[in-house]
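Let me begin by presenting the structure, written as structure tokens, before commenting on it.
Note that the structure is a prediction, hence the values are computed from the model and not measured.
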Amino acid sequence: MSIRTARIAILALGLTACSHDLHTMKMEEALANYGAAIRWGSFERAADFQSVRRALDSKSLQDIHISSYDPIYRKELDEGDRAEQIVEIRYYREDEGVEKSVTDRQAWRYDREKQQWFLESDLPKFP
């Protein structure tokens, strides 16, 4: 193998790695921004991450206060085009004052055409 061929091969591998790193960075950014929206109780903003936006029951969500949002598991699937995340969310209702927790199982999909991550699952339910 000539030096020129080796350099081209190394460059090609580097570009592939950069592409994967960018893909992963976009996933990290989307999951962090979604988590921030949930943490701040901005459920309308969180719903913007859904690929197909579902109707929100804003009245039942208005008295929900999030006390913590802790990712406990994350896994990339389908060569990085899908991801699963499990999050523990601690919350309380204004009128009850008792902290509760819910486990939120999230399914994420990367749209290569739009170059954006979308939430495929529902927003968390707060029983």
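In this structure, D95 has no side chain to side chain donor-acceptor pair (under 3.5 Å) partners at least two apart in sequence or on a different chain. Evaluation of the side chain to side chain donor-acceptor pair (under 3.5 Å) rule for Q62 yields no partner, not counting sequence neighbours. For the side-chain contact (heavy atoms from CB on, under 4.5 Å) test, residues two or more places apart in sequence or in another chain that qualify with K114 are D111, Q116, F118. Every side-chain contact (heavy atoms from CB on, under 4.5 Å) that T103 has, sequence neighbours left out, goes to I86. Residues satisfying the side chain to side chain donor-acceptor pair (under 3.5 Å) criterion with W117, sequence neighbours excluded, are absent altogether. Legend: residues meeting ring-ring contact (aromatic ring centres under 6.0 Å, His included) with Y69, ordered by chain and number and at least two apart, are absent. With sequence neighbours left out, Y73 forms a ring-ring contact (aromatic ring centres under 6.0 Å, His included) with no residue at all. For R53, the salt bridge (Lys or Arg N to Asp or Glu O under 4.0 Å) test picks out E44, D48, with sequence neighbours left out.
The salt bridge (Lys or Arg N to Asp or Glu O under 4.0 Å) contacts involving residues 98-107 comprise R90-E99, E96-K100, where partners must be two or more places apart or lie in separate chains. Note on residues 57-71: pairs passing salt bridge (Lys or Arg N to Asp or Glu O under 4.0 Å), not counting sequence neighbours, are D63-R93. For residues 28-42, the side chain to side chain donor-acceptor pair (under 3.5 Å) pairs, not counting sequence neighbours, are E28-R74.
Here D81 does not pair with R109 in a salt bridge; the nearest charged N to carboxylate O distance is not below 4.0 Å.
Side-chain heavy atoms closer than 4.5 Å link hydrophobic residues (I, L, V, M, F, W, Y) into clusters, and following such links, even through other members, never connects Y92 to F126.
Counting only heavy atoms from C-beta outward, the side chains of E88 and V102 never approach each other to under 4.5 Å.
Closest approach of S121 and R54 over heavy atoms only: O-NH1, 3.7 Å. Scanning both residues, H65 and E94, for their nearest heavy atoms gives NE2-OE1, 2.7 Å.
In this structure, the side chain of S101 does not engage the main chain of I89 through any donor-acceptor pair within 3.5 Å.
Residues near V52 contribute nothing to a hydrophobic cluster around it, because no ILVMFWY side-chain heavy atom sits closer than 4.5 Å to its side chain.
Taking CH2 of W108 as the start and CD of Q50 as the end, the distance is 9.0 Å to the nearest 0.5 Å.
Under 3.5 Å, the side chains of S51 and E120 contain a donor-acceptor pair of N or O atoms.
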